[in-house]
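Any value given below was found using the heavy atoms of this structure, including those in side chains, with hydrogens, waters and symmetry copies removed. Note that the coordinates shown come from a computational prediction; the quantities given were computed from them, not determined experimentally.
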Amino acid sequence: SEKTKSNLIRLMSEFFSVSQDKIFLDLRLVKKNETSQSQFLSVAEKQGQKDQLEKEERRRKLINHPLVKEAEKIFNSHIDKVILK
């Protein structure tokens, strides 16, 4: 609502020590079906993606570690599955 927007502008003005007329605030409601189209991600979704990338990188490093490769040679085997916690 307009009251909420003006209250937010007032709070931002106080927080940043800037006059209210210098603050431009554009709020948009993004619906769930529009998020995939606009590539909008919430903070939680961004963190989830970051965590997944880090997990994949740890898995890759573990599989390609020289000691793991040596163990594969010694036991004439191959690692199929890696479970990271």
Side-chain angles (χ1 to χ4, degrees):
S1 74
E2 195 60 38
K3 182 179 177 183
T4 303
K5 184 176 178 180
S6 62
N7 192 27
L8 185 56
I9 289 174
R10 181 184 58 76
L11 291 170
M12 290 174 64
S13 170
E14 291 172 6
F15 182 80
F16 292 111
S17 301
V18 175
S19 67
Q20 291 184 22
D21 61 334
K22 292 187 178 184
I23 295 177
F24 174 75
L25 181 63
D26 185 20
L27 300 174
R28 296 179 192 167
L29 179 63
V30 179
K31 296 179 182 169
K32 190 68 174 172
N33 62 348
E34 294 172 344
T35 60
S36 61
Q37 296 169 355
S38 66
Q39 304 256 333
F40 174 82
L41 297 174
S42 69
V43 172
E45 290 169 325
K46 287 179 185 177
Q47 185 62 44
Q49 284 183 345
K50 181 181 173 190
D51 292 345
Q52 185 63 33
L53 287 173
E54 288 174 357
K55 191 174 185 179
E56 289 172 13
E57 180 65 16
R58 286 192 343 249
R59 180 186 181 284
R60 186 190 61 74
K61 283 182 178 179
L62 182 62
I63 288 175
N64 293 319
H65 192 278
L67 291 176
V68 173
K69 291 295 183 185
E70 186 64 30
E72 286 179 333
K73 287 179 190 174
I74 291 171
F75 296 108
N76 194 24
S77 64
H78 179 71
I79 294 179
D80 297 334
K81 187 175 183 180
V82 175
I83 300 174
L84 298 172
K85 292 185 180 185

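- Ile9 and Phe15 fall within a single hydrophobic cluster, where Ile, Leu, Val, Met, Phe, Trp and Tyr are joined by side-chain heavy atoms under 4.5 Å apart, directly or via other members.
- Leu25 and Val18 end up in the same hydrophobic cluster when Ile, Leu, Val, Met, Phe, Trp and Tyr side chains are linked at under 4.5 Å.
- For the pair Arg10 and Glu14, the minimum side-chain heavy-atom distance is below 4.5 Å.
- More than 12 heavy atoms of other residues, nucleotides or ligands shown are found within 6.0 angstrom of CG on Asp26.
- For the pair Lys69 and Glu72, the salt-bridge criterion is met [side-chain N within less than 4.0 Å of a carboxylate O].
- Here the side chain of Ser6 pairs a donor or acceptor atom with the backbone of Glu2 at under 3.5 angstrom.
- Counting heavy atoms of neighbouring residues, nucleotides and ligands inside a 6.0 Å radius, atom NZ of Lys5 exceeds 12 of them.
- Residues Glu70 and Ile74 have side chains in contact (heavy-atom distance under 4.5 Å, counting atoms from C-beta outward).
- Residues Phe75 and Val68 do not share a hydrophobic cluster, clusters being chains of Ile/Leu/Val/Met/Phe/Trp/Tyr side chains in contact below 4.5 Å.
- Under the 4.5 Å side-chain heavy-atom criterion for grouping Ile, Leu, Val, Met, Phe, Trp and Tyr, Leu84 is connected to Ile63 within one hydrophobic cluster.
- Summarising the geometry, atom CG belonging to Leu62 is positioned 6.5 Å from atom CD1 belonging to Ile79; distances are rounded to the nearest 0.5 Å.
- At a threshold of 4.5 Å between non-hydrogen side-chain atoms, the residues Asp51 and Gln47 count as touching.
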Worksheet entry | Verdict with supporting geometry, Arg59 and Glu56, salt bridge (Lys or Arg N to Asp or Glu O under 4.0 Å) | CA-CA 5 Å; Arg59 180 186 181 284; Glu56 289 172 13; over 6 Å; no
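- Contact detail for Ser13 and Ser19: the closest heavy-atom pair is OG-C, 3.8 Å.
- Hydrophobic clustering (side-chain heavy atoms under 4.5 Å, transitive across Ile, Leu, Val, Met, Phe, Trp, Tyr) groups Phe16 together with Leu8.
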